[in-house]
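Worth knowing before you read on, the calculation uses all heavy atoms, side chains too, and leaves out hydrogens, waters and symmetry mates.
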Amino acid sequence: MARVPLAARNRIIRTLTRRHPNRHAPELATQQHPWARALGMTVVVLVGAWLGLLIVGNVRAQVGPMNTTMALRPSLSGGTKINVSPLGALTLDSHVAPVRLDVNVDQLDPVRSQALVDHPERLTGLQDEIARDVEHGTLDLALRSCVAVVSGATALGLAVYRRPRRALAAGGLALALLAASGATAYATWNPKSVLEPKFSGLLSSAPSLVGNARSIVTEFDVYQKELARLVTNVTKLYDVTSTLPAYRPDPSTIRVLHVSDIHLNPASWKIIASLVAEYKVNVIVDSGDTMDHGTAAENGFLDPIADLGAPYVWVRGNHDSRLTQSYLQRMKNVRVLDDGRARTIAGLRFAGIGDPQFTPDRSGRPGGDAAEALAGDQLATALRDQRAAGTPVDVAVAHEPSAARRTDGEVPLVLAGHIHHEQTEVMKKGTRLRVEGSTGGSGLRAVEGKYPDPVEASILYFDRDTRRLQAWDEIRLGGLGLTTAEVSRHLPEENRPGANPTPSTPTTPSGTASPTRP
């Protein structure tokens with residue numbers, strides 16, 4: 001077959017292109033790989049949908065007396081974020097999906113909000129009104145979001161491909177993606193997430209924003225009632241502009257402030273005093289390492305404890321010496337726990353043991369894990385003796401978590417510290433272990449890492465009748481030079497709405513339930 005000269009072949013291609021501008025010779029066109037086409041379409045769909053949501057996906061909705069803006073935003077974890085500018089924000093684990101619901105509180109209707117403040121009786125029907133407003137706003141947002149993702153993906157597809165068919169395909173895929181995200185959010189929707197919010201900003205100073213521990217475990221219609229409470233309190237916050245509402249303690253709730261590992265940080269005393277006043281704390285529990293080297297010269301650091309305004313329960317840590325313990329024992333409002341001896345303070349019965357090791361220089365561990373295990377066993381034996389005597393302990397305290405673990409099955413709750421970060425677990429025999437972070441931000445060790453360690457503490461809520469833990473708030477403040485604040489509410493599994501209201505009782509090794517204290 002004769003070869004066509006290059007010049008003649010180019011003339012043929014130009015002639016065919018002029019006659020058939022929308023056709024390409026298959027043998028001459030460069031074919032794109034299917035995977036590359038699919039990847040390109042995915043990028044167009046995602047970017048176009050995101051731009052559509054960003055530009056036209058917002059909905060203004062009236063929720064009670066508040067004017068809000070609702071929007072969907074891409075997210076890896078989902079959830080709901082409520083921004084109450086300038087007071088801060090709260091985050092709810094309301095669903096798991098690749099989209100997050102953002103609600104911005106823009107302003108309050110001055111007439112309606114003032115009417116609620118002046119006439120509290122109008123709050124009776126507020127929860128139903130809020131539920132209707134949220135439902136209507138969510139429906140409007142769903143429709144607007146559908147239009148937004150389709151428009152954004154179609155417009156970007158047309159700009160990239162310049163072919164209407166592929167642009168419409170991009171819009172259809174964006175709509176399918178949003179529908180799948182909505183179905184996932186619906187399937188994982190958790191209306192009770194409003195009970196365990198995470199606060200940031202000034203809102204972290206308002207512990208009564210979502211109610212007290214008593215109402216948390218007794219209200220069944222949780223979502224509407226707590227949402228109404230939230231809106232009402234935000235209304236009050238705006239009404240007073242910068243003065244946050246005082247916490248009104250439930251008389252049936254005992255509030256315990258758990259601190260640990262202060263490590264000679266003088267700022268800790270101001271933080272603790274503020275928490276005692278804000279939360280109306282009944283008793284403070286310090287699980288050790290208040291000092292750094294335990295010398296007599298450091299004892300003056302402890303003097304502010306006398307003015308904190310609440311009984312101070314303390315156990316010795318591995319940075320606290322016997323000199324430290326003797327100095328604290330002479331202070332009127334301090335209750336030192338050691339050797340498993342029990343004391344009743346603010347309606348709760350505590351027992352604890354000091355750390356058997358003293359290692360302020362961290363150069364070695366004289367007794368190692370064996371010493372901690374022996375101390376834990378001593379505490380567990382004392383707890384069994386108290387129960388046998390008809391005076392069971394409500395809360396045990398140790399410094400090392402390894403020692404605290406030895407009390408499993410002997411007490412409902414055991415508190416510890418030492419590891420400088422918070423954690424909670426229910427052990428095999430039913431005892432809950434709460435390990436506190438460093439309320440001193442790890443002291444001078446805060447600057448050893450890339451970022452300063454946070455200041456951590458917890459408020460524990462106990463029922464005065466059953467003396468069982470009802471809920472706790474984890475408080476986290478930014479470390480040295482930082483100004484962030486965050487409070488997150490947590491509930492024991494047995495206290496969640498719909499669960500068995502009777503908390504699980506640790507059992508003795510023989511399997512019999514622990515008797516209750518008369």
Side-chain angles (χ1 to χ4, degrees), residues 38-61 63 66 68-84 88-105 130-157 169-200 203 210 221-224 226-227 230-231 486 488-491 493 496-498:
L39 179 61
M41 177 64 77
T42 301
V43 172
V44 168
V45 168
L46 293 177
V47 174
W50 178 77
L51 290 175
L53 288 175
L54 192 64
I55 297 172
V56 296
N58 299 331
V59 170
R60 294 189 178 276
V63 178
M66 301 187 301
T68 69
T69 300
M70 297 183 178
L72 292 180
R73 293 290 181 260
S75 171
L76 295 177
S77 57
T80 299
K81 185 176 182 180
I82 303 175
N83 298 300
V84 189
L90 61 101
T91 305
L92 310 175
D93 293 328
S94 57
H95 62 276
V96 178
V99 289
R100 184 186 72 231
L101 173 61
D102 283 0
V103 181
N104 295 315
V105 179
I130 292 172
R132 290 193 299 269
D133 291 343
V134 171
E135 182 179 358
H136 293 158
T138 304
L139 290 176
D140 291 345
L141 178 61
L143 294 175
R144 175 68 69 91
S145 298
C146 290
V147 174
V149 299
V150 171
S151 301
T154 302
L156 185 60
L173 288 174
L175 182 60
L177 178 63
L178 181 64
S181 300
T184 304
Y186 180 80
T188 59
W189 175 245
N190 176 23
K192 300 184 178 91
S193 61
V194 74
L195 288 179
E196 297 188 72
K198 181 177 291 185
F199 298 99
S200 62
L203 290 183
V210 291
D221 194 7
V222 177
Y223 187 64
Q224 291 187 3
E226 293 299 329
L227 190 58
L230 173 63
V231 172
E486 187 177 273
S488 54
R489 170 67 54 86
H490 301 270
L491 305 179
E493 292 77 6
R496 296 177 184 273

Once rounded to the nearest 0.5 Å, what's the spacing between atom CG of L101 and atom OG1 of T80? 4.5 Å
Using 0.5 Å steps for rounding, measure from the CD atom of E486 to the OG1 atom of T91. 7.5 Å
Just wondering, do H95 and T184 contact through their side chains at under 4.5 Å, heavy atoms? no
Any non-hydrogen side-chain atom of L178 less than 4.5 Å from a side-chain atom of S145? yes
Minimum heavy-atom distance between [X] and [Y], given as atom pair plus value:
X    : Y    : answer
M70  : A61  : CE-CB, 4.3 Å
V59  : G137 : CG1-O, 4.4 Å
A170 : A153 : O-CB, 3.5 Å

Counting distance only, does the side-chain N/O of [X] pair as donor-acceptor with the main-chain N or O of [Y] below 3.5 Å?
X    : Y    : value
S181 : A97  : no
T68  : V103 : no
R73  : L53  : yes

Applying side-chain contact (heavy atoms from CB on, under 4.5 Å) to V147 and V56, what does each step give before you reach the verdict? CA-CA 8 Å; V147 174; V56 296; 5.9 Å; no
Give the intermediate values and the outcome of side-chain contact (heavy atoms from CB on, under 4.5 Å) for residues L46 and L177. CA-CA 9 Å; L46 293 177; L177 178 63; 3.5 Å; yes
L76 atom CG, neighbour heavy-atom count above 12 within 6.0 Å: no
Over 12 non-hydrogen atoms of neighbours within 6.0 angstrom of CG in N58: yes
Decide side-chain contact (heavy atoms from CB on, under 4.5 Å) for V149 and L72; before the verdict, give the C-alpha distance in whole Å, the side-chain angles of both, and the deciding distance to 0.1 Å. CA-CA 11 Å; V149 299; L72 292 180; over 6 Å; no
